Number of protein chains: 2
Amino acid sequence: MGLAKSELFTNNQNEIAAFAKVFGHPARVSILQHLFKINRCICGDLVTVIGLAQPTISQHLRELKELQLIKGTIEGTSVCYCINHEKWKSMKNVLTNFLNMDVSNPLNCCGTDKKQNQ
Amino acid sequence: MGLAKSELFTNNQNEIAAFAKVFGHPARVSILQHLFKINRCICGDLVTVIGLAQPTISQHLRELKELQLIKGTIEGTSVCYCINHEKWKSMKNVLTNFLNMDVSNPLNCCGTDKKQNQ
DNA sequence: TTAATTAATCGTAATATTGCAATAGACAAA
DNA sequence: TTTGTCTATTGCAATATTACGATTAATTAA
């Protein structure tokens, strides 16, 4: 199918998945790291820095823009992209909450004497 | 192509993407939340709780197992799954480092007087 | 042994993702 | 206006993902 049955899940679960999904490609990770590093960037830079074709970079930028994690400002013929700090902060909250899940009893719940299925 | 050019990126970038990717589906988010909540789970439970078919759940469990975020122990005819806390902790480190990126100057790098490209 | 239970695997259909060449659109410079 | 520069969009090919019915494999119970 290729299509997640999102109606089976809570808004929070779908939101976590949506943010995680956009980080699920190293090019987008790399783009974000670059944007944080230089705090200003145009698309052409990224093509050189990353080594993917211009339409590919543009496509990855669009996915980041759709989640509002970055914003772009037109400057003449080029576009200046930068991190949307407010959105980044709220995304970080959502994901950090998920990553910080913990159990009352952190001991191994499965018997170590049993056969490990893997 | 559908295939990421992972050779263009650092090990760290690929690792971040791999972890994020596995969280990029709400079913896997839900499975992990359930495992944290009850600290012990058999596959059949998940099929009931989540509402996807058994082969689908099994497939999602395999992806989580491949990254060693969970482990399964055979108990009779069923399999007890639980969080691999050591791996969860190291994954959390990797992703938290990424999410905690910050810039020296958190001000908007793009002029607000310019046209917003979106 | 036979039957029942449980989870993994296989096979397949539908859809999504990745990547890029070609093109289009927007702007600046000449 | 024309030309050059930069980014977005379109269209497409290759591959990946999601989901599930059917089956298999492993174990337990009768």
Side-chain angles (χ1 to χ4, degrees), chain A residues 1-9 13-14 17-18 20-31 41-67 70-81 110 114-118, chain B residues 1-9 14 17-18 20-31 41-67 70-82 110 114-118:
Chain A
M1 307 232 145
L3 177 58
K5 287 189 155 183
S6 57
E7 73 278 9
L8 292 177
F9 306 100
Q13 287 164 342
N14 283 313
K21 195 173 187 176
V22 86
F23 299 144
H25 193 292
R28 293 189 289 266
V29 170
S30 180
I31 286 171
C41 191
I42 60 173
C43 178
D45 285 357
L46 291 167
V47 173
T48 313
V49 169
I50 294 183
L52 288 167
Q54 181 268 323
T56 308
I57 297 291
S58 190
Q59 197 171 318
H60 285 304
L61 286 169
R62 185 173 52 192
E63 292 180 66
L64 292 168
K65 258 194 305 189
E66 271 164 10
L67 287 187
I70 64 174
K71 39 189 174 181
T73 306
I74 297 172
E75 292 194 344
T77 61
S78 58
V79 178
C80 171
Y81 282 106
C110 306
K114 308 278 176 53
K115 215 182 295 178
Q116 206 77 6
N117 177 30
Q118 195 216 126
Chain B
M1 308 232 144
L3 176 60
K5 288 191 152 182
S6 56
E7 74 277 8
L8 292 178
F9 307 99
N14 283 314
K21 194 173 187 176
V22 87
F23 299 144
H25 193 291
R28 294 190 289 267
V29 170
S30 179
I31 287 172
C41 193
I42 60 173
C43 176
D45 283 357
L46 291 167
V47 172
T48 312
V49 170
I50 294 183
L52 287 168
Q54 180 267 324
T56 308
I57 296 292
S58 193
Q59 197 171 317
H60 285 305
L61 286 168
R62 186 174 53 193
E63 292 180 65
L64 291 168
K65 259 195 304 192
E66 272 165 9
L67 288 187
I70 65 174
K71 39 190 175 183
T73 307
I74 297 172
E75 292 193 343
T77 61
S78 57
V79 177
C80 172
Y81 282 103
C82 59
C110 306
K114 307 278 176 53
K115 215 183 296 180
Q116 205 78 5
N117 178 28
Q118 195 215 126

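Just so it is clear, the model here is predicted, and its values are computed rather than measured. In the text below, chain A, chain B and the rest are named by the order of the sequence lines, each starting its count at 1.
Sequence order on DNA chain D of the closest nucleotides to Thr77(A) and Lys21(A) puts Thr77(A) first from the 5' end.
Considering only heavy atoms from C-beta on, Cys43(B) comes within 4.5 Å of Ile57(B) through its side chain. In this structure, the side chains of Cys41(B) and Leu46(B) come closer than 4.5 Å at one or more pairs of heavy atoms. Counting heavy atoms from C-beta on, the side chains of Phe9(B) and Val29(A) never come closer than 4.5 Å.
Listed by first and then second residue, the salt bridge (charged side-chain N to carboxylate O under 4.0 Å, His left out) pairs involving residues 48-61 of chain B amount to none (not counting sequence neighbours).
Interatomic distance, Asn14(B) CG to Lys5(B) NZ, rounded to the nearest 0.5 Å: 13.5 Å. Between atom OG1 of residue Thr73(A) and atom CD1 of residue Ile42(A) there is a gap of 12.5 Å, rounded to the nearest 0.5 Å.
Whole-Å rounding puts the Leu64(A) CG to dA8(D) P distance at 12 Å. Taking atom CD1 on Ile70(B) and atom C1' on dA8(C), their separation rounds to 13 Å, with Å as the unit. One can place CD1 of Ile31(A) at 13 Å from C1' of dT7(D), the figure rounded to the nearest angstrom. The distance from atom CG of Leu61(B) to atom C1' of dT6(C) is 13 Å, rounded to the nearest whole Å. When rounded to the nearest whole Å, the span between OH of Tyr81(B) and C1' of dA8(C) equals 8 Å. Put simply, CD on Glu75(B) is 14 Å from C1' on dT28(D), counting in whole angstrom units.
Within the structure, every side-chain polar atom (N or O) of Ser78(A) is placed at least 4.0 Å from both OP1 and OP2 of dC6(D). Listed pair Arg62(B) / dT9(C) meets the phosphate criterion, a side-chain N or O lying under 4.0 Å from OP1 or OP2.
Residues meeting the side-chain hydrogen bond (donor to acceptor under 3.5 Å, both in side chains) test with Glu63(A), sequence neighbours left out: Arg28(A). Taking the side chain to side chain contact (heavy atoms under 4.5 Å, CB included) definition, one finds that Ala18(B) meets it with nothing, sequence neighbours left out. When the side chain to side chain contact (heavy atoms under 4.5 Å, CB included) test is applied to Ala20(B), the partners found at least two apart in sequence or on another chain are Phe23(A).
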Identify each atom pair where a protein N or O and an N or O of nucleotides 19-21 of chain C are less than 3.5 Å apart, giving names and distance.
residue, atom, partner, partner atom, Å
dG19(C), OP1, Lys5(B), N, 2.7
dG19(C), OP2, His25(A), NE2, 3.0
dG19(C), OP2, His60(A), NE2, 3.0
dC20(C), OP1, Lys5(B), NZ, 2.7
dC20(C), OP2, Ala53(A), N, 2.9
dC20(C), OP2, Thr56(A), OG1, 3.2
dC20(C), N4, Gln59(A), OE1, 3.4

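Near DNA chain D, meaning a heavy atom under 4.0 Å from it, residues 42-50 of chain A has Ile42(A), Cys43(A), Gly44(A) in order of number.
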